[in-house]
Structure formats: structure tokens, C-alpha cells
Protein chains: 4
Amino acid sequence: MSAPKGIASTPAPRRGRPRSEARKQAILQAAFELLEERGLAATSMDAVAERAGVSKATIYRWWDSKELLALDALYAAWDTAGPVARQTGTLRAEMLALVRPWVRLVAAGPSARILTALLAEAQNDPAFGQAYRAHFVEPRRDQARAVFWRAIARGEIPAGIDVEVAIDLLWGPLYHRLFHGHAPLNDRFARRSVDTVLAGILPRETTSPD
Amino acid sequence: MSAPKGIASTPAPRRGRPRSEARKQAILQAAFELLEERGLAATSMDAVAERAGVSKATIYRWWDSKELLALDALYAAWDTAGPVARQTGTLRAEMLALVRPWVRLVAAGPSARILTALLAEAQNDPAFGQAYRAHFVEPRRDQARAVFWRAIARGEIPAGIDVEVAIDLLWGPLYHRLFHGHAPLNDRFARRSVDTVLAGILPRETTSPD
Amino acid sequence: MSAPKGIASTPAPRRGRPRSEARKQAILQAAFELLEERGLAATSMDAVAERAGVSKATIYRWWDSKELLALDALYAAWDTAGPVARQTGTLRAEMLALVRPWVRLVAAGPSARILTALLAEAQNDPAFGQAYRAHFVEPRRDQARAVFWRAIARGEIPAGIDVEVAIDLLWGPLYHRLFHGHAPLNDRFARRSVDTVLAGILPRETTSPD
Amino acid sequence: MSAPKGIASTPAPRRGRPRSEARKQAILQAAFELLEERGLAATSMDAVAERAGVSKATIYRWWDSKELLALDALYAAWDTAGPVARQTGTLRAEMLALVRPWVRLVAAGPSARILTALLAEAQNDPAFGQAYRAHFVEPRRDQARAVFWRAIARGEIPAGIDVEVAIDLLWGPLYHRLFHGHAPLNDRFARRSVDTVLAGILPRETTSPD
DNA sequence: CGGTAATCGAGACGGTACGTCATGTCTTACA
DNA sequence: TGTAAGACATGACGTACCGTCTCGATTACCG
């Protein structure tokens, strides 16, 4: 195979007719619209091709599968997700700065439907799973790691804290409500959740017995 | 339609040839095996029918879709999940009693793959979503609610606690690791997670500022 | 098998509950109506059972297959086809007496549709073919044979005539129009057809060279 | 739909991948073989696809139904049926030249089984009926018309003859034996049949009374 | 007159084919 | 070489029908 594939990157100019960047954007746009309207399962590649005014072959030249396209489309649509958490001085403020934009972004649209579909695919296809985590999981964990490390550096929380566990305690409840939908995912829940986790982490006199 | 469909119940059949219970079990068994081996997407109704020694029409007579069948099959396979949490006296012990069997059950097999597939379907089909929650979400929440209420009654935790939030804090991190697979879901993580949440809930001298 | 089947006859009394003749008639009636409305292919046994107010098992106790039922139903509906050809003295008159009632009967309703379906089945299943011919072909040939034999006895036509060929010449063109539908099958065509055949059979001076 | 369907023609394809003529032939060939072996009812589209080494979708892309495919397949297999009747000078010779190749063709193989199945379908579906007549009925009638007209032009038979009726008298008996199978369809029968019809048509002294 | 043996209504069931649809590949002609 | 158009293999889908079966309820007759 001569062209770089999978999750698309802009190729270096080669011989022959160059790939059209405009078409790539049209495909991503069309794919995202259809995903929003119908979800992944009900979005066919033919439909994407038609709405983008593009042939199926062109799509498959950029992405190897429908799922990879969906991953890219969702990721591209979220690129406007805003800047990373600013260093605001307290752990609580930084945790909220991390979590709130995500809640706003995700609670609004039909993101849960698309995300769970990608999640399911990630369980079936290990390679896709890697891509999924690299796009949607690790970036947020990296940000969170930085937040907790800064708090440790400031002395806000003990150095002995298991940061990985703390990250799961931070994000887990939010994803839980997003995916299962048993109760609303809103700013109030985010605050309560963050506060409780924080209370569990911050140093205190009596610790729970092992 | 005269017969109850979707999630099967065992009504009192009066007229006509009665449904074969043996075949129902064979179908559920075959479905579960295939789900374990291949996941939901790669399990075809034809394959289920063949392995169960049953015709496709028979399956569709009792389950409206592959997803509802998978829901039933997984649920039936988990019915041996063991007794509910015993009243062990302390909140921590009861939380662990709730969570540990689930972790063992889920971490062992390929449950995550099946569960995420069902989750994705639940997002696409509201009716299925209800069935999903009624089978896999609400029962555990009910148990957890009872656990927290007992702790309140005992005076272990303040009555003002938002139990629903607490439940999400308990289960969220566990599901998070199960679904995203970025780190192991084991007993150690369960203990740490429970302890931190507990520390966040239990009364202390200094509370976090609002 | 204890009961006489295939083309049904009224059985001799045996032990146990006797078969209901009324139900048999209801089945034949329902079958004929549906055949008229939809043709054989679009008539399902379930539909016959429902319209007759009878269970499928009852139908299959009388007839071995849908086709045999259809054969019986059409035959029963035609039993009112009128008396056999009267001996009217001339060959031409008797031929017309033979052919005209059939033309009237067949040209009116949707018989061609049913008959061709039975014909097709007769080609696939030799046993059914025998039943078909015994019901719809041989009776008419027998009548025609008698007609020609009387004409020979009267000296109207030479004894050397091949009666079997003559019968095919008489009926062939009529069936041709019935089945192919390229031109109307009416009394005028029947007369012309009969006259031409007659002219070919009656003795003349010059015969065609061999 | 942009492509011509039903009975295939060979248009000038412009855009996109052109239809594979080899596959078309493979389908027609496979269909004809299966029709010969099993008849129309027992020939499944899956079986045709498998034997032709082709997907079912490809078959349905070009033929709307099994029956239209069968029509095409039988027609294609008969295209080698030989040249049209030569002008041999006498009506009798030309009638025989018309009829004999058909008798040979049809009496040999299992054509009757296929033809009656198509006939039955023609009765159920008017559109198919048109196609059937256009392929299997009208061409032969056209040839026969020409034969009779030439005979009239030569003065062999009176101009007042009803040619349409004559054609039915010519073909009717042959189809009759083919379809009903009560007696052999062979060259001897064809000769006798033609001679009798001829005798009924040719001018004579005494005509039958009205 | 009560037991026995068949028929009957209802409907579950195995099997088989149907015709449709979506994925991802391939084949043309054109740009 | 990239692209639009669209044919193609593969394989699952959910439906429909046939003819068989399994129940419980019904009806005759026969002892």
C-alpha cells in the first residue's frame, strides 16, 4: 500500500494527482452529520459518500473502515472542545476545569450514542481499541495526571496517592451516567462527584482501616 | 400477537402446542456460548439456530431481535451470580460484598465485550435501553441503595448524603475500567476505590469549601 | 396411515370420532374462493384454514398437499358443469355440445390461472400428474371418443380416422387460447375451430399428398 | 434505477464499472442447467448463484425475479434453435418446416416442465405474461403468419381464410400434447396434425353446413 | 352409560427460500 | 495517480410458507 491510512494524516506530496483535502473535510462533515442523526449502525458508507458528494473508493483510500472514519469524524468535531485546563492554583478548581467542558460537550448532543458504538467496536477489534483509547481516553488521563501531579507538588495532597486510581474515580462516575443514562449528567453532578472524590483524597486524621 | 415476547416470561399456556422449555434453554445456552466466543456483532442468528438445533423462526417467535436474545442469554448465564449482599454490619464490608462478586464475574470472562455491545444498542433503541437498565443496572442500584440506607440508619453516615450520587461513585470507576480497559479491574482496585469513596462520604472535621 | 387420503373420498365409519363432512366442504369452498382471488401460489394453507374456520391439521388429514386440495377444490366447483353431450345426431352438433359449455365455464372466471398452476405441478410430480389427467383431461377425452365413435358408426366419417389425433385437434386450439391468452376464447372461435377440424376430417375427393 | 432490467439488453454503458458479460452468461448457463435438472420450483436463486460462481445480489441486479431469469435462460438456450422456415414453395412444406424443429427441440428435453412453470407465472403476473408471449408465442405466430400469407399470395388457399384461427389450429394441438402429456409428441403426430388442418383449410367442393 | 379412540382447534416447530441490505474490493473512463 | 460511478463477492438479515408435531378438548361408537 502506497498511501498512509488508518486514521488519516495529511500526506506528503507524491507523484500523480494529489489527494483532495477539501474532499476529506467533506467526508468528515458528512459522516459526523449522519452519525448525529442516525448513530453508527444506521450510517452506511454509501450514505456518507452520497452526502459528501464523493465516491466510496475515495473514502476507503483515507480510512480503512467505517469505525475508523467515525472515530475521526467525532474527534474532528470535538477539536473545538476548548483549551486545556488552566493552572488555577487549587486541585478542586483544576479538576472542575477539566471536567466541566466535557460534561457540557457530551451532555448536549448525541455523543453517547456514537461513543458507545465506538466502545463496542474497540472491544471487538484490539487495534481499533488502541486507536480509540489514544483519541478519547489517554488525552484526558494525561491532563488529569498533570493536575494531580501539580497538586502533589504544591503539597495539597500526599505524594503517596495512587494517581491512576484517582483518575478513574474522577472520570468513572461521569462516564457511568453518560453511558447508562439512569440519571442526569449535569454540572451539579460533576461538582458533587468531584467534591466527594476530593474529600476522599485529601489528608485527614482518621483513615479507614485496611 | 397472543404470546408475550421480548424478555421471556413463563405464562400459563392454555391452547395449542405449548412452548418447548428445553428448546428455550438450548437457544439461550447456544447464544451465550457464541457471544462468549465471538461477541455480539459476529454472532449470527443462523449460527445460534444451528448450534441450538432449532430453526430461526423459533428464535424470532420468542425474541424480537438478536440484542434482546443476547440480553436474555447473558442475564440467564449470570443468574448463578450468587446471593445478595449479607448484612455484615459495616458500610465498608457491605460495599465490598456488593462489588467483589461482580468484579470476579466480570473480570474473568469476555463479559465486557458483550456488555458494551448491549450498551451501544441501548443507546440506539430506547425500548431496549429500558430492558437493559431493568436487567443490569437497576438491580445493582437497588442493592446499593439498601446498603447505604442501612448505613444511614446505623448512623454510620449522615442522613443528608445524596445516595444516588454515592451509588454512581461506587459503580462508576469499576465500569470505567471494565469498558475502557486502560488498566486492570481487580480486587485491589475495587478495595482502593471503595475506600476512597468511603473516605469522601464519612463525616470528618474539615469539609471541602464550596 | 389409517385414513384414506390423497383425493378425498367419504370414509367408511370407523372407531373414534368420525370426520366432519361439513368441515370438508367448508375447506373446499374456502380453498376455491382463495384460488379465485389470488391464484395457487398466493394461497397459503394457513389462509385456507382461517377462512374455513378449521385447523391446518384437519386439512392435511384430508389432503396430502396444497396442490391436491386445489385440484379437488376446482373439480368440486366444476361439478355443476352440466350434463354430458347429448346425442344430437350430427358430429358437428355433438362436438359443439362438448366444447361450448367448457368454453363458457372457462372463459368466464379465473380458471386459466388455477389450471396452469396445476399443470405446472403435474409436470413436477408424476403422481400428481396422473391425478390431474384423471380429473381434467381423461373425462373430456372419453366424451370426445364416444362422439367420434358414434360418428363413425353413423358413417359420417371414415373408420380409418385416428380418433386420438382428432381429439387433440379439437381440444388443442381451445386450450391454446386459454393458456396463452393471445386472442379471445369465445363461442365464435370454438365454432370456427370445430368447423375447420371437421372439414379436415370429413371425406373429400382430393387428399393431400404424403 | 439507471440500468435496464428484466430481460437484459446490451446498452452502451458509459460510467462506472461495466457489467461483466462473462458473469451474465455464467448465470444464464447455470440457471438453464438447474432448470433442466430440477424444474423452476426446485431451483433456488442461491443454487443458481452458487453454480454460476456469482453472488445473489448480482443476479437480482439484472433480473427482478426467478421467473424472468428462467425466461431469459430458456430463451438463450433455444437461440440455437436453427434458422427460420425457408420458402419451400408449398404451404404444407412450410408448415412442417415451421413445426418440426420445434417438436424435435421440445420433445427431447425437459422443456415442458419449464414452459408450464413459466406459463403459470404468466397467468399470475400480467407483466411477465407480456414478456412470455413476446419471447415464446409471438415470434412463432409471426413466422406462421408469413407462411399463410405467402400461401394466399400464391393462391394455394383462399384470401378469406382467418389466419389467426389457422395459426391456433396449427400450434394448439402440439402444445396440447406437450403440456398434458397424454400421448406422445413426435414427428408422426406433427404430420398428421398439419395434414388434417391443411385439409380443413384447402378449398373443396362441399363445405360443411352452418 | 362410561371407556376408548379417533377428530378437532390452536399453535409451536424444523426446514428452506425468499428478496434486501451493507461492507469493502475491483474495474472502467475521465481528469 | 485520484476520482466518480457503480458492479461485484460475501454474508446476515427478518419474513413467509409448508407440512409435522403436540397439547387439551371434543365427539362418536362400543362394550
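Residue numbering restarts at 1 for every chain, and letters A, B, ... go by the order of the sequence lines.
Contact of B/Lys56 with E/dG14 (side chain to base): no donor-acceptor pair of N or O atoms is detected under 3.5 Å.
A close approach under 4.0 Å does occur between a side-chain nitrogen or oxygen of D/Thr58 and OP1 or OP2 of F/dA9. OP1 or OP2 of F/dC8 lies within a sub-4.0 Å distance of a side-chain N or O belonging to D/Arg61. Put simply, B/Ser55 has no side-chain N or O that comes within less than 4.0 Å of OP1 or OP2 on E/dT16. Phosphate contact (OP1/OP2 of F/dA7, side-chain N/O of D/Trp62, threshold under 4.0 Å): absent.
With DNA chain F read from its 5' end, the first of the two nearest nucleotides for B/Ala42 and A/Ala57 is the one closest to A/Ala57. Taking the nucleotide of DNA chain E with the nearest heavy atom to each of A/Ser65 and D/Ala47, the more 5' of the two is matched to D/Ala47. Along DNA chain E, the nucleotide closest to D/Ala41 and the one closest to B/Ala52 are compared, and the more 5′ of them pairs with B/Ala52.
Each of E/dA22, F/dC18, E/dT7 was ranked by its minimum atom distance to the side chain of A/Ser44; first place goes to E/dA22. Across F/dT3, F/dA5, F/dC8, the shortest atom-to-atom separation from the side chain of D/Arg19 is found for F/dC8. Distances from the side chain of D/Lys66 to the nucleotides E/dC18, F/dT10, E/dA12 place E/dC18 closest. If you check F/dT20, E/dA12, E/dA17 against the side chain of C/Tyr60, the one that comes closest is F/dT20. Comparing E/dC13, F/dA4, E/dG9 by their closest approach to the side chain of C/Val54 singles out E/dG9.
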Quick one: do C/Lys24 and C/Leu28 satisfy side chain to side chain contact (heavy atoms under 4.5 Å, CB included)? Show the steps, please.
CA-CA 6 Å; C/Lys24 180 185 169 186; C/Leu28 286 172; 4.2 Å; yes
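As a whole-Å value, the separation of C/Met45 CE from E/dG9 P is 14 Å. Remark: P of E/dT20 and CG of A/Asp46 are 16 Å apart, rounded to the nearest angstrom. Separating the CD atom of A/Glu50 from the P atom of F/dG6 is a distance of 11 Å, rounded to the nearest angstrom. Taking atom CD of D/Glu21 as the reference point, atom P of F/dA7 lies 14 Å away to the nearest angstrom. If you measure from atom CD of C/Gln25 to atom P of E/dC8, you get 13 Å, rounded to the nearest angstrom.
When side chains are defined from C-beta on, B/Arg19 counts as touching B/Trp62, because their heavy atoms get closer than 4.5 Å.
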Output a table of nitrogen or oxygen pairs between the protein and nucleotides 24-28 of chain F separated by less than 3.5 Å.
| residue | atom | partner | partner atom | Å |
| --- | --- | --- | --- | --- |
| F/dT26 | O2 | C/Arg17 | NH1 | 2.9 |

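Taking OG1 of D/Thr116 as the reference point, atom CG of C/Leu119 lies at 5.5 Å (rounded to 0.5 Å). The NZ atom of D/Lys56 sits 8.0 Å away from atom OG of D/Ser44, with the distance rounded to the nearest 0.5 Å.
In terms of modelled atom types and a separation under 3.5 Å, the side chain of C/Lys66 and the main chain of C/Leu40 share a donor-acceptor contact. Judged by distance alone, with hydrogens and angles left aside, the side-chain atoms of C/Arg113 form a donor-acceptor pair with the main-chain N or O of C/Glu37 at under 3.5 Å.
Among the heavy atoms of the strands lying under 4.0 Å from B/Ser20 are primed sugar atoms or P, OP1, OP2 only; no base atom is included. Contact annotation for B/Ala49: no contact, since no heavy-atom pair falls under 4.0 Å across all strands.
Nearest heavy-atom pair, A/Trp63 versus A/Ile27, reported as atom, atom and distance to 0.1 Å: CZ3-CG2, 3.5 Å. In plain terms, the two heavy atoms of D/Leu34 and D/Thr43 that are nearest each other are O-OG1, 3.4 Å.
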